[in-house]
Amino acid sequence: MTPLAELLADRIRRYGPLTFADYMRECLYHPTHGYYSKAEAKRFADYYTSVDLHPIFGRLLARQFAEMWENLGRPEKFTLVEAGAGVGRLASHILDFSASKLSDFYRALDYVAVERSASRREQTAGCLKRHAEAGHAIVSAEIPLHVSAGCFFSNELVDALPVHRVVLLGGAPKEIFVGFADGRFADHIAELSTCAITEYFAAQEITLCDGQQAESGLEACDWITEVARRLERGYVLTIDYGHRAAELFDHHHMRGTLLAYQDHRATENYYASPGQQDLTAHVNFTALETWGKRSGLQTSGLTSQTAFLLALGQGNEFADLYDEGQGEAEGTKARLQLKTLIHPEGMGERFQVLIQQKGASGARLTGLSGIEPRI
Ligand SMILES: C[S@@+](CC[C@H](N)C(=O)[O-])C[C@H]1O[C@@H](n2cnc3c(N)ncnc32)[C@H](O)[C@@H]1O
């Protein structure tokens with residue numbers, strides 16, 4: 001039993017089974033024992049993200065954000081909010097590149113790196129020191145209350161938001177809670193804890209098959225609603241792995257999409273070592289679009305990371321991949337890293353990019369130029 005397992009078992013003994021969302025929230029974000037509350041060195045043992053591969057990811061994103069700023073009429077201040085900024089690596093790639101290559105944009109840039117974990121906020125502050133001193137970056141635990149012109153974006157945040165688990169039994173949806181009996185955690189099936197789950201599936205016209213398990217990402221709906229409310233004019237860009245609802249809840253996903261990651265291995269053993277493994281669920285992009293639309297966000301497009309990065313990079317033949325004074329061997333290594341980012345069998349097709357907008361001009365964004373508009 002990990003220290004967190006002891007705490008959770010005690011809580012279940014006293015108050016009864018936990019919703020999976022509560023269990024996942026504690027496993028990932030408990031202030032002392034949560035997986036994301038710990039120092040980052042641990043994370044590399046479990047998985048890496050696009051950000052860890054090469055700064056080209058941040059550099060191409062910077063180009064996309066600069067174009068958004070242009071589309072908004074070059075406002076004097078462009079607030080770029082990165083939610084779930086981790087240790088600030090992506091933020092520093094975007095800010096460094098903007099400072100050196102996109103100087104007009106950098107002058108307008110007000111970067112807000114938002115991170116829930118205190119230890120990660122501290123690491124981010126160290127990473128962004130130069131830009132903070134220049135008045136272009138701050139680190140925060142919360143997203144800003146109001147953004148008059150800008151973009152909210154995230155990379156692998158939404159898959160880390162807690163989900164409820166549901167199973168359809170005899171035609172009726174039931175919830176899978178987390179119980180504790182005979183010295184171990186186990187699924188506990190009971191009535192739904194909230195009617196928001198019924199509304200989640202109904203609003204997206206999702207029907208499950210009998211016996212099918214699925215996740216209900218209520219926190220992602222709250223997240224996009226809140227972002228839309230706080231954004232006056234601009235964009236929301238979400239990068240993550242997932243699908244639209246029709247695919248996410250089809251017969252290929254009879255057991256849902258929840259996974260536990262430890263030591264680069266994915267398992268369905270969600271109850272092993274609470275607080276010491278990552279828990280994630282695929283992102284339901286239809287939910288982000290549906291709840292976004294209710295709060296005034298229009299979908300600009302959903303595309304694969306491959307198409308997004310290719311569209312942004314091919315204009316200058318991926319010149320942003322190279323640093324001054326770089327040798328041939330480093331250039332070759334950079335090209336291989338780019339390949340992992342865009343290759344369909346690497347991260348390219350698994351990851352999707354959703355862009356939503358509010359009060360922005362209808363001008364097309366380069367990152368979406370490979371797809372038909374859906375507005
Ligand atoms: C999978 S990590 C991704 C980190 C980084 N974006 C990257 O790509 O390497 C998810 C991060 O989101 C943070 N996070 C989760 N929920 C959050 C919230 N509501 N607000 C801010 N940060 C959050 C976690 O603490 C964690 O650092």
Side-chain angles (χ1 to χ4, degrees), residues 21-22 24-61 80-95 111-125 127-128 138-145 151-163 217-227 229-230 236-242 258-262 264 266 275 277-283 288 305 309 337 340-341 347 350-353:
D22 284 341
M24 185 168 168
R25 192 174 299 108
E26 295 299 320
C27 288
L28 298 183
Y29 307 114
H30 183 283
T32 315
H33 305 297
Y35 181 80
Y36 284 116
S37 308
K38 309 211 178 92
E40 201 223 31
K42 168 78 180 84
R43 178 169 72 78
F44 276 105
D46 298 333
Y47 70 94
Y48 59 86
T49 73
S50 298
V51 179
D52 307 317
L53 271 173
H54 191 278
I56 186 71
F57 184 70
R59 293 173 187 176
L60 293 177
L61 273 170
L80 185 54
V81 183
E82 183 189 358
V87 296
R89 199 171 293 120
L90 180 56
S92 66
H93 294 163
I94 291 170
L95 281 156
Y111 200 105
V112 186
V114 183
E115 175 50 56
R116 189 172 187 158
S117 148
S119 64
R120 287 169 175 232
R121 279 200 302 280
E122 219 174 280
Q123 286 176 278
T124 301
C127 232
L128 304 188
I138 57 163
V139 181
S140 167
E142 299 282 342
I143 57 172
L145 284 176
C151 176
F152 283 82
F153 86 102
S154 63
N155 181 56
E156 294 203 48
L157 163 76
V158 183
D159 71 87
L161 296 179
V163 293
L218 302 182
E219 206 162 300
C221 300
D222 293 344
W223 153 254
I224 199 76
T225 303
E226 202 47 44
V227 161
R229 210 173 59 76
R230 295 182 188 205
V236 183
L237 184 151
T238 306
I239 307 175
D240 224 313
Y241 46 89
L258 198 63
L259 285 174
Y261 278 92
Q262 200 165 18
H264 288 276
Q277 61 174 359
D278 195 13
L279 295 171
T280 80
H282 283 32
V283 171
L288 295 180
Q305 180 167 298
L309 296 179
Q337 287 163 327
T340 307
L341 280 173
M347 297 173 117
R350 257 191 330 121
F351 282 80
Q352 306 288 313
V353 182

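Counting starts at 1 for both ligands and their atoms, in listed order.
- Considering each of Glu219, Glu115, Glu226, the one bringing a non-hydrogen atom nearest atom 27 (O) of ligand 1 is Glu115.
- If you number the atoms of ligand 1 from 1 as listed, the ones under 4.0 Å from a heavy atom of Leu157 come out as 12 (O), 14 (N), 15 (C), 16 (N), 17 (C), 23 (C).
- Counting heavy atoms from C-beta outward, His93 and Phe57 have side chains that stay 4.5 Å or more apart.
- Close approach of ligand 1 to Arg120 is summarised as follows: ligand atoms under 4.0 Å from at least one heavy atom of the residue are 26 (C), 27 (O).
- A distance of 5.0 Å separates CD1 of Ile143 from CZ of Phe152, quoted to the nearest 0.5 Å.
- For the ligand labelled ligand 1, residue Val51 lies inside the 4.0 Å heavy-atom shell.
- Here the side chains of Phe351 and Leu309 are not in contact, with every heavy-atom distance at 4.5 Å or above.
- For atom 22 (N) of ligand 1, the nearest non-hydrogen atom from the set Gln123, Arg116, Arg121 belongs to Arg116.
- The Glu156 neighbourhood of ligand 1 comprises atoms 1 (C), 2 (S), 3 (C), 10 (C), with distances under 4.0 Å to a heavy atom of that residue.
- Checked by distance only, ligand 1 and Asp159 stay at 3.5 Å or farther apart across all their nitrogen or oxygen atoms.
- With Arg230 as reference, Leu145 is the one residue of Val81, Thr225, Leu145 to meet the side-chain contact (heavy atoms from CB on, under 4.5 Å) rule.
- Annotation: cation-pi geometry satisfied between Arg116 and Tyr29 (NZ/CZ under 6.0 angstrom from ring centroid, within 45° of ring axis).
- A donor-acceptor pair is defined here as one N or O able to donate and one able to accept, closer than 3.5 Å; such a pair exists between the side chain of Ser37 and the backbone of His30.
- Side-chain N or O atoms of Thr280 include none that pairs as donor or acceptor with a backbone N or O of Asp159 at under 3.5 Å.
- Contacts with ligand 1 closer than 4.0 Å are made by heavy atoms of both the backbone and the side chain of Asn155.
- For Gly84, a nitrogen or oxygen atom sits less than 3.5 Å from a nitrogen or oxygen atom of ligand 1, counting backbone and side chain alike.
- Counting heavy atoms under 4.0 Å from ligand 1, residue Arg89 does not touch it at all.
- Not a single ring-ring contact (aromatic ring centres under 6.0 Å, His included) links Tyr111 to another residue, sequence neighbours left out.
- With a 4.0 Å heavy-atom cut-off, ligand 1 is reached by the side chain of Tyr29 but not by its N, CA, C or O.
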